[in-house]
Protein chains: 2
Amino acid sequence: MAERSPRKDAARNRAAVLAAADTLFTTCEHPDDVTMADIAAAAGVGKGTLFRAFGDRTGLIRALYEARLEPVRRSLEEGPSPLGPAAQPLRRVLAVLDAVLCFKLDNRHLALALEQTGSDSPYRTEHYERWHALLRDLLDRIPGLPDGDFTAHALLAATRADLVTYLAGEKGLPRDEMRARLAEFATRTLSAAPAPSPEAAIEGITPDPSGTR
Amino acid sequence: MAERSPRKDAARNRAAVLAAADTLFTTCEHPDDVTMADIAAAAGVGKGTLFRAFGDRTGLIRALYEARLEPVRRSLEEGPSPLGPAAQPLRRVLAVLDAVLCFKLDNRHLALALEQTGSDSPYRTEHYERWHALLRDLLDRIPGLPDGDFTAHALLAATRADLVTYLAGEKGLPRDEMRARLAEFATRTLSAAPAPSPEAAIEGITPDPSGTR
DNA sequence: TACGATGCGGACCAGCGGTCCGCTTCACTG
DNA sequence: CAGTGAAGCGGACCGCTGGTCCGCATCGTA
């Protein structure tokens with residue numbers, strides 16, 4: 001039960017690995033061409049050390065990600081108004097989305113690496129749950145907005161790392177313009193519209209377009 | 001220059017591989033535990049044949065995906081009104097989104113496999129370009145809607161295979177409910193709102209939340 | 001200083017996508 | 001229908017990856 005404090009060299013190595021991995025991921029073109037062996041070599045440790053400290057590749061990336069995320073999380077929990085808990089829901093939703101987008105832009109390599117970890121979906125990670133829950137709660141508090149849960153997922157989907165990377169890289173969309181677009185999109189989504197025919201639009205044509213089956 | 005027609009056995013093998021791969025992907029839990037060797041074995045051919053016919057893993061999956069997509073594409077191009085070109089833009093956008101969602105639900109394993117092909121982003125594929133272009137054009141035709149390009153991306157992002165799989169699987173969200181939620185979300189997004197303060201919301205707080213840098 | 005526990009490291013392993021090349025099978029020709 | 005060149009086949013083989021393992025070094029404590 002008692003938390004055993006880590007040995008000094010272990011801590012040092014852990015830090016070295018994190019630092020090395022960080023620069024490698026940031027430097028490289030594609031996350032896949034950073035191998036575990038590369039990281040170990042760059043950090044000046046053996047592969048075993050690396051796996052002992054982080055379990056597996058996903059564990060390492062996740063640790064890096066969470067570390068980078070720390071300041072953002074703090075801002076969310078106790079920061080000043082647009083981001084912090086004091087802000088009114090709608091405004092805060094926009095601020096949070098913007099923060100997420102900026103984070104993904106600043107850390108695209110990491111986010112990319114994390115989101116395309118084949119084995120497990122990016123939706124069962126701690127930070128996604130946190131973001132989603134926060135957004136959902138805020139959305140539920142906006143009057144006239146049904147269905148905060150799905151809306152939160154959908155809005156977050158617009159900040160997916162590969163989309164963001166694609167828009168920023170391939171299409172050369174400047175950072176601030178992208179932020180403006182996302183904000184505009186979210187604003188439109190959240191403006192409590194009378195919803196002309198929410199389900200009539202879909203239930204009306206419901207024969208299920210799957211011609212395939 | 002003249003297109004050389006394929007040999008009979010080659011065609012037969014190609015079909016066998018596609019069929020085998022299809023059932024394997026549909027059956028399995030996670031795309032990654034279907035290996036190329038598995039597919040070759042199930043199809044009763046050698047691995048070489050398989051790579052000769054499709055180039056690489058991504059090529060195979062893409063071929064499968066496109067094949068499944070054919071009926072949908074046809075419906076879009078020449079189908080009856082809600083989906084076909086005759087429908088009015090807003091209605092058609094909703095129909096297209098619904099069709100995409102249904103397709104992804106019906107073919108989640110394939111879509112999952114394709115979207116998480118590490119090496120290249122899912123955004124440079126032919127079918128994504130097609131969907132995006134179609135939606136963008138429709139959106140641009142809706143009065144009072146700025147920025148069809150980004151909106152199209154954002155709406156499509158809500159149908160990402162892993163999200164859809166997560167909602168349908170982990171959270172047990174029934175198919176029709178999911179369709180309704182998406183339709184409702186899109187409807188809200190597209191209701192030409194006066195946009196209370198589209199850029200004021202973001203430009204007003206613009207100090208860039210990246211405390212990390 | 002001695003000594004257990006903790007951590008280290010790199011040889012090692014299994015399994016993957018992908019290649020290669022000797023052999024088979026096709027389809028066309030005389 | 002036999003002959004023939006090319007197209008296609010298959011599975012042994014390769015390079016490389018994430019991950020394991022265990023003899024040995026290092027740490028913190030008595």
- request: Please report, rounded to the nearest Å, how far the P atom of D:dG10 is from the CZ atom of B:Arg7.
  value: 11 Å
message: Measuring centre to centre across the rings, with the benzene-like ring taken for any Trp, is A:His153 within less than 6.0 Å of A:Tyr128?
response: yes
field: Atom-to-atom span, CG of A:Asp38 to P of D:dC16 - whole angstrom
entry: 12 Å
- request: Of all the heavy-atom pairs spanning A:Gly148 and A:Leu139, show the shortest one and how long it is.
  value: O-CD1, 3.6 Å
- request: In plain terms, say whether A:Lys104 and A:Glu115 are close enough for a salt bridge, that is, a side-chain N and a carboxylate O under 4.0 Å apart.
  value: yes
task: Going by the salt bridge (Lys or Arg N to Asp or Glu O under 4.0 Å) test, name the single residue among B:Arg181, B:Arg179, B:Arg175 that passes it with B:Glu177.
output: B:Arg181
- prompt: Is the shortest side-chain N to carboxylate O distance from A:Arg62 to A:Glu66 below 4.0 Å?
  reply: no
- prompt: Given C:dG7, is OP1 or OP2 found less than 4.0 Å from the side-chain N or O atoms of A:Arg52?
  reply: yes
Between C1' of D:dC21 and CG of A:Leu50, the distance in whole Å: 16 Å
message: Using the side-chain contact (heavy atoms from CB on, under 4.5 Å) definition, which of the options B:Thr23, B:Leu60, B:Asn13, B:Ile39 pairs with B:Leu18?
response: B:Leu60
- prompt: Using Watson-Crick and G-U wobble pairs whose two distances are both under 3.5 Å, how do you write the pairing of DNA chain D as dot-bracket, with | for links to another strand?
  reply: ||||||||||||||||||||||||||||||
query: Could you give the CZ-to-C1' distance, from A:Phe54 to C:dC8, as a whole number of Å?
result: 15 Å
field: A:Asp162 with A:Arg108: basic N within carboxylate O range, under 4.0 Å
entry: no
- request: Could you tell me whether the phosphate oxygens of C:dG7, OP1 or OP2, come under 4.0 Å of any side-chain nitrogen or oxygen in A:Thr49?
  value: no
query: Can you tell which of D:dG10, D:dT26, C:dA27 lies closest to the side chain of B:Asn13?
result: D:dG10
Identify all pairs in which a protein N or O lies below 3.5 Å from an N or O of nucleotides 17-19 of chain C, and state each distance.
unit_1	atom_1	unit_2	atom_2	d
C:dG17	OP1	B:Arg57	NE	2.9
C:dG17	OP2	B:Met36	N	3.0
C:dG18	OP2	B:Arg57	N	2.8
C:dG18	N7	B:Lys47	NZ	3.2
C:dG18	O6	B:Lys47	NZ	2.3

field: Rounded distance in Å - CZ (B:Arg14) to P (D:dG10)
entry: 16 Å
- prompt: For the ring pair A:Tyr65 and A:Phe25, is the centre-to-centre distance below 6.0 Å?
  reply: no
field: For B:Arg92, the option from B:Leu134, B:Leu97, B:Leu135, B:Leu83 that meets side-chain contact (heavy atoms from CB on, under 4.5 Å)
entry: B:Leu134
- line: A:Asp9 atom CG is separated from D:dC24 atom C1', nearest whole Å, by 14 Å
- prompt: What integer distance in Å separates B:Lys8:NZ from D:dC9:P?
  reply: 13 Å
statement: Taken to the nearest whole Å, CD1/A:Ile61 to C1'/D:dT17 is 14 Å
